[in-house]
Protein chains: 2
Amino acid sequence: MAYRRTPRMQQRIDATRAQIADAARRLVAASGYAGTGIPEIARAAGISTGSIYRHFPSKAALFQEVFQKASRHEIAAFAQAAQVPGTAPERLAGMVETFARRALRGRTLARALLVEPVGPELDADRRRFRAPYQALIEEVLSEGMAAAELVPQDPRITSICIVGAIVETLLGPLSERSGCTQGTEEEEALVRALVETCLRAAGPRPQTPPRSE
Amino acid sequence: MAYRRTPRMQQRIDATRAQIADAARRLVAASGYAGTGIPEIARAAGISTGSIYRHFPSKAALFQEVFQKASRHEIAAFAQAAQVPGTAPERLAGMVETFARRALRGRTLARALLVEPVGPELDADRRRFRAPYQALIEEVLSEGMAAAELVPQDPRITSICIVGAIVETLLGPLSERSGCTQGTEEEEALVRALVETCLRAAGPRPQTPPRSE
């Protein structure tokens, strides 16, 4: 028998759905996908296991929602870093540093977003969700070229290279199981070297030193 | 009942194993993992399906052998490019170009080696098999720094960045299903831009232009 949901009912359904996704996100940020099961999510959300499946057809679908929400949040932080006033090299440095520091601060979540093996649905999402980062970098590079702050280049390829460089560099620290290396000198050196390499890749013109102090 | 294999028996077993792996490699290079089944491999190797399982416990194990053999072959080509005499920037340019051109020429195999979804065993191998590329690049960068051809840097991080840059840039063309774009102007431009970006990342000193002609 078909029936209409009243606005009130819909509101309640949406609220429960958000509550489940939020509990799942917190658990994934603490233990990764592998360490997060439906029973734990149900417990954390304060509802029954069966209720979860009324909102998400599968664990994969729920993890996909977690991934997408968390990714949008990260992309927003990256976009904000892109808007800090400055030369293109300065802005790029801020963006790369923002990405790296956020990932190293919340490394279980970053691992879940970037590399933790989970399934084909999420692998496709991962690829798709790199595009906004690349586009934001490309924009800054294009502006830098227009302002003669950067050497002539194909800003699309450079931006793809920078995305690849950031992710590849973070995979090392993110795959280590040690949780307490945050803020160490080694980590500082890694972030600094990553930022410098990305800046060199962006090709600042000699009159614009990589980091104008 | 335990028994010893005679050298002759062992030789025949090894030959059959190699024959299976070689047939599998050719099929993967033509159709990827997804398009390659055990029956086709058996047919191509001229043996029965059952015989394959006497040599490889699973399809995953066979694909792992294919991956490892093909990877070693690619790494050898990359190492050879590293040995071409020249300045560090020249050698690095040759290495990046070699990698890119080989991948674009045999893109189904490159896709299988780099990104085609296949399973957790191979994902781990993929990560492990990036290390030799990174090490070869790091060596050239270190030599370039020692010869004052490159600016001071952390050659380990730069080399990780360059590996990430190469792979990320190739993912685009490799994920396209079109098989005949090889040798197009677009592809030439991509290889050129990739090489230039990697060279900038390596930080050639002003007196050493990226490509001394």
Side-chain angles (χ1 to χ4, degrees), chain A residues 34 96 100 114-124 126-128 130-131 133-134 137 141 150-175 186 188-206 210, chain B residues 34 96 100 114-124 126-128 130-131 133-134 137 141 150-175 186 188-206 210:
Chain A
V96 175
L114 290 172
V115 279
E116 189 185 344
V118 56
E121 302 88 353
L122 252 177
D123 283 345
R126 267 189 191 131
R127 204 124 295 293
R128 210 156 52 77
R130 290 212 195 175
Y133 295 102
Q134 183 261 312
I137 296 171
L141 295 176
L150 303 176
V151 299
Q153 64 194 278
D154 179 337
R156 195 178 70 84
I157 298 295
T158 307
S159 60
I160 293 171
C161 286
I162 291 175
V163 168
I166 298 171
V167 174
E168 191 79 15
T169 302
L170 292 173
L171 291 190
L174 292 184
S175 66
E186 197 190 331
E188 282 305 305
L190 178 135
V191 173
R192 206 164 45 238
L194 171 62
V195 170
E196 281 169 7
T197 305
C198 291
L199 280 180
R200 287 196 305 267
R205 281 184 183 270
Chain B
V96 176
L114 290 172
V115 278
E116 189 184 347
V118 58
E121 302 87 355
L122 252 177
D123 283 345
R126 268 190 190 130
R127 204 127 294 293
R128 211 157 50 80
R130 290 210 196 178
Y133 296 102
Q134 183 260 312
I137 296 173
L141 295 176
L150 303 176
V151 298
Q153 62 194 280
D154 179 336
R156 196 179 68 87
I157 298 294
T158 307
S159 61
I160 293 170
C161 285
I162 290 175
V163 168
I166 298 171
V167 173
E168 190 79 17
T169 301
L170 291 173
L171 292 190
L174 292 185
S175 65
E186 198 190 331
E188 282 305 305
L190 178 135
V191 173
R192 207 164 44 238
L194 171 62
V195 170
E196 282 170 6
T197 305
C198 292
L199 280 181
R200 287 197 305 268
R205 281 184 182 270

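Chain naming here is simple, since letters A, B, ... match the order of the sequence lines and numbering starts at 1 in each.
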Item to complete: Give the member of B:Val167, B:Asp154, B:Thr169 that has the highest number of heavy-atom pairs under 4.5 Å with chain A.
Response: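 It is B:Thr169.
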Worksheet item: Do you know which of B:Val115, B:Leu190, B:Asp123, B:Ile160 has the most heavy-atom pairs under 4.5 Å to chain A?
Response: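 So the answer, after comparing B:Val115, B:Leu190, B:Asp123, B:Ile160, is B:Ile160.
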Worksheet entry | Non-hydrogen side-chain atoms of B:Ile162 and A:Glu168 separated by less than 4.5 Å |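 Result no, sub-4.5 Å side-chain heavy-atom pair not found.
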Worksheet entry | Within-4.5 Å side-chain heavy-atom neighbours: A:Val195 and A:Arg192 |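 SC-SC contact between A:Val195 and A:Arg192 ruled out.
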Fill in: A:Gln134 side chain vs A:Val163 backbone, donor-acceptor pair below 3.5 Å
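Side chain of A:Gln134 to backbone of A:Val163, a donor-acceptor pair under 3.5 Å: no, none is there.
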Discussion item. Less than 3.5 Å apart, any donor N or O on the side chain of A:Arg200 or B:Thr158 sitting next to an acceptor on the other?
Written reply: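 Yes, B:Thr158 and A:Arg200 have a side-chain donor paired with an acceptor closer than 3.5 Å.
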Worksheet item: Is it the side chain or the backbone of A:Ala189 that comes within 4.5 Å of chain B heavy atoms, both, or neither?
Response: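 No part of A:Ala189 comes within 4.5 Å of chain B.
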